[in-house]
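Quick notes on the structure that follows.
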Amino acid sequence: MSARSTRLSSLSASFPAHNEEDNVGPMLADLLAALPDFAERFEIIVVDDGSRDRTFERASEVAKQDPRVRVVRHEVNQGYGAAVWTGLTSGTLDYAFFTDGDRQFDVRQIGELIPYVDDYDVVVGYRVNRQDNAVRKLNAHAWNWLIRLLLHVPVRDVDCAFKLFRRSALQGVRIESGGAMFSSELLARLVARGSRVVEVPVKHLPRETGRSSGGNLRVIARAFRDLFQLYGDLRKEGVR
Ligand SMILES: Nc1nc2c(ncn2[C@@H]2O[C@H](COP(=O)(O)OP(=O)(O)O)[C@@H](O)[C@H]2O)c(=O)[nH]1
Ligand SMILES: [Mg+2]
């Protein structure tokens, strides 16, 4: 076996933050401490998605001190998918990574994704021992099943917010889903374009502060609406 990459040439890391004033500072500190071990050169992009707390101010304080950190602001809340996509597409470096801004992942585990970039375009985590309640986990199980069935996305945890992309794989991709359907749409479009995808186990940690909104009924309803829209679009485009 040939030697595998352990460090990237250059990396844009991003995360969405919606009302994460107590998480955004520590999250940036985690990334700033970790990334020098994993990339020759890096930038960090925080997407503040119309937060109504001090998320933007806290992120901006760090950005002012450190030119590797940038804050992109959506004046009005556009939703999870729109924010993640802004983060991924605002970067310019060779690889694009995103995670959540609530510190439910150990960012050092990016090191476990990197060896796969030699053979794959997209390296996605799946949560081992997911820190959510039973209802949420059951819903996720059904959702993943539906996504595999309708969109032919070959992964077990489509929404895991720990994903690394070769930047060239993202070029020219157009995404319609601004909400929670985002990850499914992105993977479906990448797979349809021939991107090679691999899954790697990652830890999931309990949320220490701030509020989770991933299980909200409004979020779920929007995801289903987007799913049926996308299913129709992909068929029209001759992809499925
Ligand atoms: N852009 C955006 N991000 C959000 C929104 N809601 C949550 N987030 C962010 O998305 C990430 C995951 O959100 P969370 O509510 O913890 O989802 P969960 O882990 O699936 O319960 C966190 O970084 C949040 O700040 C939203 O409406 N817009
Ligand atoms: Mg969370």
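These numbers come from the heavy atoms of this one structure, side chains and all, not from hydrogens, waters or symmetry mates. As the structure lists them, so they are numbered: ligands from 1, and atoms in each ligand from 1. The first residue of the sequence shown is numbered 1, and numbering continues consecutively from there. What you see is a predicted model, and the numbers here were worked out from it, not measured in a lab.
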Tell me the contacting part of Q104 for ligand 1: side chain, backbone, both, or neither, using a 4.0 Å heavy-atom threshold, strictly below. side chain
Which of V173, L186, V123, V124 passes side chain to side chain contact (heavy atoms under 4.5 Å, CB included) with F165? It is L186
For a 4.5 angstrom cut-off between non-hydrogen side-chain atoms, does N129 reach K203? no
At under 4.0 Å between heavy atoms, is it the side chain or the backbone of S213 that contacts ligand 1, or both, or neither? both
Does R108 pair with D37 as a salt bridge, N-O distance under 4.0 Å? yes
Which residue in the set F105, F15, F98, Y126 passes ring pair (Phe, Tyr, Trp, His ring centres under 6.0 Å) when paired with F162? F105
Numbered atoms and elements of ligand 1 in range of A17, under 4.0 angstrom, heavy atoms: 25 (O)
Provide, to 0.1 Å, the distance between atom 21 (O) of ligand 1 and the closest protein heavy atom, together with that atom's residue and name. S212 OG, 2.5 Å
Can you name the atoms of ligand 1, numbered from 1 with element, that are less than 4.0 Å from a heavy atom of G214? 15 (O), 17 (O), 20 (O), 21 (O)
Just to confirm my output: which protein heavy-atom neighbour is closest to atom 24 (C) of ligand 1, and how far is it? E20 OE2, 3.1 Å
N23 contact mode with ligand 1 (heavy-atom cut-off under 4.0 Å): neither
Heavy-atom pairs closer than 4.0 Å: do any link ligand 1 to the side chain of H18, the backbone, both, or neither? both
In terms of atom number and element, which parts of ligand 1 are under 4.0 angstrom from non-hydrogen atoms of A83? 1 (N)
Do F224 and L146 come close enough that some side-chain heavy atom pair is under 4.5 Å? yes
Reported CD-to-OG distance for the pair Q104 and S212, which is rounded to 0.5 angstrom: 7.0 Å
Hydrophobic clusters here meaning ILVMFWY residues chained together by side-chain heavy-atom distances under 4.5 Å, can you tell me if I175 and V191 are in one? yes
Y80 near ligand 1, heavy-atom distance under 4.0 Å? yes
Would you mind checking if R130 and D132 are paired as a salt bridge, meaning a charged N to carboxylate O distance below 4.0 Å? yes
Return the minimal non-hydrogen interatomic distance between L227 and M181, and the atom names on each side. N-CG, 3.7 Å
Provide the number and element of each atom of ligand 1 under 4.0 Å from a heavy atom of N77. 26 (C), 27 (O), 28 (N)
Just jot down the ligand 1 atoms closer than 4.0 angstrom to any heavy atom of D100, in number order. 11 (C), 12 (C), 23 (O)
Which residue and atom name correspond to the protein heavy atom nearest atom 16 (O) of ligand 1, and how close is it? D102 OD2, 2.7 Å
Can you measure from CG (N133) to CG (L138) and round to the nearest 0.5 angstrom? 10.0 Å
Anything under 30° is parallel, anything over 60° is perpendicular, the rest tilted; go ahead and classify F182 against Y80. perpendicular
Is the shortest heavy-atom distance from the side chain of L187 to the side chain of K163 under 4.5 Å? yes
Check this for me, if you would: do D94 and R167 make a salt bridge, where the nitrogen-to-carboxylate-oxygen distance has to be below 4.0 angstrom? no
Between the CG atom in D121 and the CZ atom in R166, the distance rounded to the nearest 0.5 Å is 5.0 Å
Have a look at S12 and tell me which of E43, R41, R70 forms a side chain to side chain donor-acceptor pair (under 3.5 Å) with it. E43
Heavy-atom distances under 4.0 Å decide this one: backbone, side chain, both or neither, for Q78 against ligand 1? neither
Top protein contact for atom 14 (P) of ligand 1, by heavy-atom distance: R207 NH2, 3.7 Å
Would you say G101 and ligand 1 have an N/O pair spaced under 3.5 Å apart? yes
Please determine if P16 has a nitrogen or oxygen closer than 3.5 Å to a nitrogen or oxygen of ligand 1. yes
Shell check on the Mg ion (ligand 2): protein N, O or S atoms less than 2.8 Å away are D102 OD2, Q104 OE1
I'd like to know whether ligand 1 has G79 as a neighbour, heavy-atom separation below 4.0 Å. yes
Side chain, backbone, both or neither: which applies to R136 and ligand 1 if a contact is any heavy-atom pair less than 4.0 Å apart? side chain
What I want to know is whether D49 and ligand 1 share at least one N or O pair that is separated by under 3.5 angstrom. yes
With E20, which of R54, R207, R58 fulfils salt bridge (charged side-chain N to carboxylate O under 4.0 Å, His left out)? R207
